[in-house]
Number of protein chains: 2
Amino acid sequence: MARAATTTDAFNAIAEPRRRQILNVLARGERPVNDLVHELDLAQPQVSKHLRVLREVGAVEVRGDGRRRVYRLNGEALRPIHDWVKDFEQTWSERFDQLDAVLEDLKKEEDDGQ
Amino acid sequence: MARAATTTDAFNAIAEPRRRQILNVLARGERPVNDLVHELDLAQPQVSKHLRVLREVGAVEVRGDGRRRVYRLNGEALRPIHDWVKDFEQTWSERFDQLDAVLEDLKKEEDDGQ
DNA sequence: TTGACATATTCCGATATAGGAATATATTTG
DNA sequence: CAAATATATTCCTATATCGGAATATGTCAA
C-alpha cells in the first residue's frame, strides 16, 4: 500500500507547504488563479493542481467570473485539524502551567484546612 | 519530484492516521511499544516504523527500560501545526461571531454619538 | 550458553505523488 | 471567426511511501 492520497482529507492536503501558502493568501480574501500565481511565484499549472487538491478536500471553493475562476477559503474544512491538535496545546502552553499552579494552591489550602 | 518525506516535518508525519492515533495514546502517558501494539491493534513492525517517523520529527522521545523501549509524547513538536491552523479558527468559531457582534454594537453607538 | 521475550530493520510490491512541459478548454474581444 | 487571455488537464519521471513477512538486534532469565 502507498501513502494515502493527498485528497483523502485535510491532514494530507496541508502536508504540502505550497498548499498551506495558498490557504494563507486566501485567508486574506478571495483571489483569481493568476493573483495566486504572482503572489506565490509559482507556475500556473502547479497552482491549478494544488487548488484542485484543496477543492477536493473542501478547503476552498470556486466561483466563475468571466474567464477567471475566483477561489475562496472554506476554513471549516480545517476544523478537524484544529480540533485534533488543540488537545496537545497543554503540553507546551504556559497558560496550562499557570492553571496547574492555581490548582496546586487550591489543593494546599484544602490540605491546610484538614 | 515526489511528495515530501514523512519525516520532513510534523505536518507530513501526522498526515498518517495511525501516527495520530499513536500520539493520542501517548498523550495519556508514556507507553512501551507492546502496549501500543495492543491498544491500537497494529502489527509490531508497523508500530516501530511509525514511531521512528514520529521520533525523527521530534514528536516522541524514547527511554530504555530493560528490554523495553518506553515512548513518550513531545507535544512541542506539534506547535507549528497548532500555530498555523489557529489563525483559521475565526472562519468557523462562534466566539468570533460574538466578537463581531460586540464590535458592531460599539460602532453603532459611536455613529449615534456623531 | 540457550531460550524467551521485546523491538528494530530489511526486503518486497503497488501506488501516488510533485514539478515541468505541452496542450486542451473556456471566455472575451476585435 | 480569429486572436488573446485565463485556467485546467495530460503526460512524463524520480521518488517515497505503507503494509506484510521475514529477519536482525538486544536484553533478561535459568
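First the proteins, then the strands, lettered A, B, ... as listed; each starts at 1.
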Pairs in or reaching into residues 8-62 of chain A: which pass ring pair (Phe, Tyr, Trp, His ring centres under 6.0 Å), with residues at least two apart or in two chains?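 Non-adjacent pairs meeting ring pair (Phe, Tyr, Trp, His ring centres under 6.0 Å): zero.
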Common cluster, V25(A)/V85(B), ILVMFWY with side-chain heavy-atom separation under 4.5 Å: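 Looking at the clustering, V85(B) is in the same group as V25(A).
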Looking at residues at least two apart in the chain, or sitting in another chain, which of them share a salt bridge (charged side-chain N to carboxylate O under 4.0 Å, His left out) with R63(B)?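 Listed in chain order: E30(B).
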Salt bridge (charged side-chain N to carboxylate O under 4.0 Å, His left out) with R20(A): which residues, sequence neighbours excluded?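 With neighbours one apart ignored, the set is empty.
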Which residues pass the side-chain contact (heavy atoms from CB on, under 4.5 Å) test with [X], sequence neighbours left out?
X	answer
R3(B)	R3(A), T6(A), N12(A)
D83(A)	R79(A), K86(A)
A43(B)	P45(B), Q46(B)

How would you label the contact of T6(B) with the nucleic acid (heavy atoms, under 4.0 Å): base, sugar-phosphate, or nothing?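 T6(B): backbone/sugar contact only, no base atoms under 4.0 Å.
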So do E76(B) and T91(A) actually touch side chain to side chain, heavy atoms under 4.5 Å?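 In short, these two side chains do not touch, never coming nearer than 4.5 Å.
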Any side-chain heavy atom of L40(B) within less than 4.5 Å of one from V47(B)?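 With C-beta onward as the side chain, the pair stays apart.
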Can you list everything that forms a ring-ring contact (aromatic ring centres under 6.0 Å, His included) with Y71(B)? Sequence neighbours excluded, please.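 Not a single residue meets the ring-ring contact (aromatic ring centres under 6.0 Å, His included) criterion with Y71(B).
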Distance check needed: dA16(D) C1' versus N12(A) CG, whole Å only.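 Atom-to-atom, N12(A) to dA16(D), this comes out as 14 Å.
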Quickly work out the K49(B) NZ to dA16(D) P distance and round it to whole Å.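 To the nearest whole Å, that distance equals 17 Å.
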Pull out every residue in residues 60-72 of chain A that has a heavy atom closer than 4.0 Å to any atom of DNA chain C, ordered by number, or say none.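 Heavy-atom cutoff 4.0 Å gives G66(A), R67(A).
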Check each residue of residues 18-47 of chain B for a non-hydrogen atom within less than 4.0 Å of any atom in DNA chain C, then write out the ones that pass by number, or none.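 Contacts with DNA chain C under 4.0 Å: P32(B), V33(B), N34(B), Q44(B), P45(B).
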Under 3.5 Å, side chain of R19(A) to main-chain N/O of A13(A), donor-acceptor pair present?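 Present.
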Mind grabbing the angle between the end helix axes of the helix from dA14(C)-dT17(D) to dG30(C)-dC1(D)? Five pairs an end, 10° rounding.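 Comparing the axis at each end, I get an angle of 30°.
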Atom pair CG/CD of N34(B) and E39(B) - distance to nearest 0.5 Å: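 Here the interatomic distance stands at 11.0 Å.
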Interface limits on DNA chain C, where chain B has a heavy atom under 4.0 Å of a nucleotide atom: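 Nucleotide range with atoms under 4.0 Å of chain B: dA4(C) to dA18(C).
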Could you say whether L51(A) or A4(A) is positioned toward the 5' end of DNA chain D, judged by the nucleotide with the nearest heavy atom to each?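 Checking each residue's closest nucleotide, the 5'-ward one belongs to L51(A).
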Residues two or more places apart in sequence or in another chain: which of them pass side chain to side chain donor-acceptor pair (under 3.5 Å) with R52(B)?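 Here the qualifying residues are E56(B).
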